[in-house]
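All chains are named by letter (A, B, ...) in the order of the sequence lines, taking the proteins before the strands, and each is independently numbered beginning at 1. These figures come from a predicted structure and were not determined experimentally.
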2 protein chains.
Amino acid sequence: MTASDILDHHQVKKTTPRVALIQAMQEARVPLSENEIKERMGELYDRATFYRSVQTLSSAGIIHRIVADNVMVKYALNNCENGHHHQVDHAHFFCRQCHHLYCLKSIKVQTLDLPSGFVDEEHDLVIRGICDQCNSQLK
Amino acid sequence: MTASDILDHHQVKKTTPRVALIQAMQEARVPLSENEIKERMGELYDRATFYRSVQTLSSAGIIHRIVADNVMVKYALNNCENGHHHQVDHAHFFCRQCHHLYCLKSIKVQTLDLPSGFVDEEHDLVIRGICDQCNSQLK
DNA sequence: ATTCATTTGAAACATTGTTTCATTTGATTG
DNA sequence: CAATCAAATGAAACAATGTTTCAAATGAAT
C-alpha cells in the first residue's frame, strides 16, 4: 500500500511531509529514530512538522512510538491488520551499543490485569542490553 | 536503615548530596521525578551532581530508574532484599493526567526468553493511561 | 478557479541530560 | 590529629529532544 493510500484509508489529509515521513518508514522496515527519519527525509524534514505529524499519525493509528530509552524514541508503521485500536503486542529489545531496536515478535506481552479504575491506553515492554551482533563483535 | 548505613553497606563514599538524595527518596516512599527530588533537596540540589549520583547509586544497586515516558523518568530506592543484581520484577503504571507512577506489584513481568546472544541488562514493563483517582474525578 | 480551514516552516523557548574544569571534601595514612 | 590525594562537587557551557507561536502556504471541496 502506498503512503498516499494509507492516508486516504485513515482519512488523514494528504500532505507532502506526511507522505515523505511514511515513505521513509516504509523503506526502512525497522523502527527509526527522529534523526534517522530526518536523514531519509532530507530537505522535506522540519522539526515542528515532524512532531506534529507523529501526533496526527499516531492518533490515526498509522504509526506508533516506542520509548526505547528516555533519550531514544523510535517510530514504526503499524501493521495494517492490527486495525484502529492498536496496542503493540510484542516486546522490544534496545541495544545500548548499536542503538538498534529489535521487534521481538516471539515475546508476546502478557495479559495485563489492571486494578479496577486503571485504563491501559498504551504499554511497552522494553528490554535493554547488548544484542547478538554486538556481543559477537566484542569477542 | 539510614541513608548513611545504605552507602556504607554498598561501599559507596558517603557525601552530603548522596545522603540528601537517598533521604529524599526514603521520605517520599514513591518513585520521584528529578523535579520532585530537587524540591525535596532544596539548596543541596545541583543538576550535574544529581545525574552523577543517579549513575553511581544505580550501579551500586541502591536505586533504579523507571522510564515512565520519554520526557518523564522516575527514581526509586531498591528493596534491599533484592540484592545486588537488581531487576525490577513488576509493572509500572504512569498516569498521563496526574503524572503519578504506580508500582503494580500484582503484575509480575513474565519470564523473558530472549533469542540467543541477546543479554537483558534491564527491562521495563510500563503501562500508560489514566489512573483510578483521575478516572473518578473525571466523572 | 475560489474559498477557507488545516497545515506548514521558522524561530524562540523549555526541559532533560552531559561535559569540562577549577575547587572542595572525605577517607586514609602516618 | 594533621597531611595527603583521589574522588566528588558545583558552576557554566553545551547538546538533544520536544513545544509553542504566528504569518504564510496548501490541499480538499465547492
A:N70 side chain near C:dG17 phosphate (N/O to OP1/OP2, under 4.0 Å): yes
From NZ of B:K38 over to P of C:dT16, roughly how many Å is that when rounded to an integer? 9 Å
Side chain proximity check, A:H92 to A:L125, heavy atoms < 4.5 angstrom: no
Whole-Å gap separating P (C:dG17) and NZ (B:K74): 13 Å
Which part of the nucleic acid does B:T15 contact within heavy-atom distance under 4.0 Å: base, sugar-phosphate only, or nothing? sugar-phosphate
Is any side-chain heavy atom of A:E121 closer than 4.5 Å to one of B:R96? yes
Expressed as a whole number of angstroms, how long is the span from A:K14:NZ to D:dA25:P? 23 Å
Which word best sums up how the rings of B:Y75 and B:F50 line up, parallel for under 30°, tilted for 30 to 60°, or perpendicular for over 60°? perpendicular
Length of the CG-P vector between A:L21 and C:dT7, whole Å: 15 Å
Pairwise 5' ranking along DNA chain C for B:A48 and B:P17, keeping only the more 5' one: B:A48
Tell me whether the OP1 or OP2 atom of D:dG18 has a side-chain N or O from A:Y51 closer than 4.0 Å. yes
Between atom CD in B:E43 and atom P in D:dG10, what is the gap in whole Å? 10 Å
Compare every heavy atom of B:S53 with every heavy atom of B:R18, then report the nearest pair and how far apart it is. CG-OG, 4.0 Å
For A:I37 and D:dG18, give me the distance from atom CD1 to atom C1', rounded to whole Å. 14 Å
Which of these nucleotides, C:dG17, D:dT9, C:dG26, is closest to any side-chain atom of B:V73? C:dG17
Nearest to the side chain of A:K13 - C:dT6, D:dA11, C:dG26? C:dT6
Atom CD of A:E39 and atom P of D:dA16 are separated, to the nearest Å, by 13 Å
Give the minimum heavy-atom separation between A:V12 and A:A60, together with the two atoms involved. CG2-CB, 3.6 Å
Test for a donor-acceptor pair under 3.5 Å between the base of D:dG18 and the side chain of A:R52, counting only N and O atoms. no
Regarding A:T16, tell me which of base, sugar-phosphate or nothing describes its non-hydrogen contacts under 4.0 Å with the strands shown. sugar-phosphate
Round to a whole Å and report the spacing from CD of B:E34 to P of C:dT18. 10 Å
Does A:R47 reach a base, just sugar-phosphate, or nothing at all? Heavy atoms under 4.0 Å. base
